[in-house]
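Structure record follows, encoded as structure tokens.
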Amino acid sequence: MSNNANQLVDKLWNYCDVLRDDGVSYGDYVEQLTYLLFLKMDEEMTEIGFQEESQVPEEYNWESLVAKDGEELESHYRTALQELGNQGGLLSVIFSKAQNRIQDPAKLRRLVLMIDDENWSGMDVDVKGEIYEGLLQKNAEDVKSGAGQYFTPRPLIQGIVEAVQPEPDQTISDPASGTGGFFLSAHDYITENYQLDKQQKEFLQHDAFKGWEIVDNTARLCVMNLYLHGINGEKSPIVVDDSLRSDPGDRFDLILTNPPFGKKSSVTVMSSEGEAVKESLTYERDDFWATTSNKQLNFLQHVKTLLNIGGTAAVVVPDNVLFEGGAGETVRRKLLNQFDVHTMLRLPTGIFYAQGVKANVLFFDAKPAQADPWTEDLWIYDLRTNKHFTRKRDPLTFDDLTGFIDCYNPENRHEREETERFKSYSYEELIERDKANLDIFWLKDDSLEDVEDLPEPEVLAADITENLEAAIDQFSQIRDDFQQ
């Protein structure tokens with residue numbers, strides 16, 4: 001991150017510490033910044049002629065906020081948030097269900113003036129993006145905020161994008177958009193690796209990306225993140241909805257996604273005794289191979305539906321998707337048969353904000369119908385065995401993924417060579433495994449052979465914690481199943 005961006009992030013973030021004394025959480029603070037930044041930039045872009053007219057009604061624009069103080073400011077701001085949420089289009093996504101969390105008028109006034117001091121539209125797009133990404137990352141790192149579940153580590157995103165190499169004019173989707181990391185990385189890859197003509201630039205800015213996000217607050221953070229990076233228009237690129245609800249009819253050339261972790265989909269309902277209870281949520285869809293309440297299996301089936309013929313998907317999936325029986329076996333066998341499942345990256349532990357996660361990235365291509373199976377060989381890269389990461393002391397970096405990208409061989413993935421960490425398994429080998437189990441590993445765990453090879457105590461503690469939390473999650477799911 002540049003020094004200018006760092007300084008502004010620190011300035012904005014330090015003020016959050018002041019507001020925390022009034023009970024304003026990290027997440028609430030970033031949310032309020034989103035509202036105010038949008039209004040400030042909307043006014044700036046209208047003044048410089050970047051847009052012909054503002055989408056924001058004059059009585060609720062940035063100037064109307066700056067002109068007020070005290071209780072009048074707080075009351076006007078509250079009203080503006082409510083009215084802007086009813087405007088439709090991009091405004092409705094940014095301001096949906098918006099509420100003022102800063103109850104002290106003096107502190108709200110100070111935040112308004114702090115944002116007013118900067119010329120945001122005059123900043124380089126990269127700087128604006130860095131500032132907002134910096135705030136989102138700080139929010140994700142705060143355990144209490146719970147925002148980490150929507151924030152995929154950016155080095156992992158970059159590694160995936162470098163492997164699949166997005167192209168101009170491709171349509172790109174993420175049905176679990178979070179804060180938009182995959183879209184931004186794909187956007188950056190295309191702008192840095194291609195000379196775009198005017199039409200391609202406009203397509204990239206307005207039409208290339210479409211995503212879904214079920215949580216209102218996360219959707220607004222995503223839309224604002226894209227907006228600050230130059231991905232904008234009157235129509236929101238993000239649909240606020242449960243993407244698994246139905247087939248939207250849209251098809252895409254590239255799908256990049258890290259669906260939410262947690263094995264079961266559930267809804268909270270009121271029992272006859274008036275108690276809130278959770279019930280498993282299954283999706284009855286004709287386009288799905290299996291009906292299940294397993295959220296990751298449903299997302300995997302949803303992604304295969306969304307792919308154009310010839311399109312590519314990269315999906316982060318937890319280990320249970322690789323070996324679970326029943327619906328899991330059905331989905332794996334169908335996927336291997338009807339799609340070209342060509343690559344899997346076994347991810348190390350300790351890289352996600354959500355604890356207890358052991359995950360992988362599945363790469364597959366959509367193909368036209370044929371009698372023979374489309375998968376010929378699945379190449380597996382093991383980045384887990386004898387690798388130890390922690391989010392703070394030894395975080396995953398992009399350099400840690402360059403070995404995988406080299407083996408993936410994006411220029412021609414049909415010309416690959418096996419290495420110590422990169423092995424190939426034929427379709428026949430995979431389909432003959434018990435339940436078509438794809439949880440395959442071959443490297444020797446050095447720590448099991450020699451105590452001198454054990455990782456540092458804090459890394460061991462993190463691994464133990466992750467394993468315990470994963471076990472607790474599985475027991476919780478079993479308990480929930482018995483209670484239904």
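The model shown is predicted, which means the values in this text are computed figures rather than measured ones. In what follows, residues are counted from 1 in the order of the sequence shown.
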Worksheet item: Considering residues at least two apart in sequence or located in another chain, which fulfil the side-chain hydrogen bond (donor to acceptor under 3.5 Å, both in side chains) criterion with T385?
Response: D382
Practice prompt. Give the ring-plane orientation class for Y227 versus F38, where under 30° counts as parallel, over 60° as perpendicular and anything between as tilted.
Written response: tilted
Worksheet entry | Residues R220, E31; criterion side chain to side chain contact (heavy atoms under 4.5 Å, CB included); working and verdict | CA-CA 8 Å; R220 86 171 99 254; E31 185 180 57; 3.2 Å; yes
Worksheet, complete the sentence: Partner of Q170 under side-chain contact (heavy atoms from CB on, under 4.5 Å), picked from D253, I190, V164, is D253
Practice prompt. Return yes if a side-chain donor-acceptor contact under 3.5 Å exists between Q82 and T79, otherwise no.
Written response: no
Worksheet, complete the sentence: The side-chain hydrogen bond (donor to acceptor under 3.5 Å, both in side chains) partners of Q32 (sequence neighbours excluded) come to Y77
Discussion item. Checking N225 against T179: is there a side-chain donor and acceptor pair closer than 3.5 Å?
Written reply: no
Fill in: Heavy atoms from other residues, nucleotides or ligands near OH of Y194 exceed 12 (cutoff 6.0 Å)
yes
Worksheet item: Of all residues at least two apart in sequence or in a different chain, which pass the side-chain hydrogen bond (donor to acceptor under 3.5 Å, both in side chains) check with R413?
Response: D340, D365
Discussion item. Checking Q165 now: which residues fulfil side chain to side chain contact (heavy atoms under 4.5 Å, CB included) with it, not counting sequence neighbours?
Written reply: Y189, P410, E411
Practice prompt. Please name all residues satisfying salt bridge (Lys or Arg N to Asp or Glu O under 4.0 Å) with K304, sequence neighbours left out, ordered by chain then number.
Written response: none
Worksheet item: Does atom CD of E418 have more than 12 heavy-atom neighbours from other groups under 6.0 Å away?
Response: yes
Fill in: Residue list, ring-ring contact (aromatic ring centres under 6.0 Å, His included) with F363, at least two apart or on another chain
F404, Y408
Response to the item:
From the list L336, I380, N360, V341, side-chain contact (heavy atoms from CB on, under 4.5 Å) with L438 holds only for L336
Worksheet item: Any salt bridge between D400 and K387, counting N to O under 4.0 Å?
Response: no
Worksheet item: E329: what forms a side chain to side chain contact (heavy atoms under 4.5 Å, CB included) with it, not counting sequence neighbours?
Response: R332, R333, K435
Worksheet item: What residues form a side-chain hydrogen bond (donor to acceptor under 3.5 Å, both in side chains) with D287, not counting sequence neighbours?
Response: R285, T305
Item to complete: Decide, yes or no, whether a salt bridge links D319 with R384 under the criterion of side-chain N to carboxylate O below 4.0 Å.
Response: yes
Item to complete: Answer yes or no: does atom CG of N412 have more than 12 heavy-atom neighbours from other residues, nucleotides or ligands under 6.0 Å?
Response: yes
Item to complete: Scan F364, W289, W374 and name whichever one has a side-chain contact (heavy atoms from CB on, under 4.5 Å) with Q338.
Response: W289
Fill in: Contacts of type side chain to side chain contact (heavy atoms under 4.5 Å, CB included), residue D372, not counting sequence neighbours
Q370
Fill in: salt bridge (Lys or Arg N to Asp or Glu O under 4.0 Å) partners of D241, counting only residues at least two apart
R245
Discussion item. Apply side chain to side chain contact (heavy atoms under 4.5 Å, CB included) to residues Y35 and L81 and explain how you reach the verdict.
Written reply: CA-CA 8 Å; Y35 305 146; L81 294 180; 3.7 Å; yes
Discussion item. Please tell me whether N294 and E324 have a donor and an acceptor in their side chains that are separated by less than 3.5 angstrom.
Written reply: yes
Item to complete: For the pair D394 (side chain) and T390 (backbone), establish whether a donor and an acceptor sit closer than 3.5 Å, ignoring hydrogens and angles.
Response: no
Practice prompt. Go through the structure and list residues passing salt bridge (Lys or Arg N to Asp or Glu O under 4.0 Å) with D250, not counting sequence neighbours.
Written response: K210
Practice prompt. Check side chain to side chain contact (heavy atoms under 4.5 Å, CB included) between K97 and all other residues, then give those that pass, not counting sequence neighbours.
Written response: D216
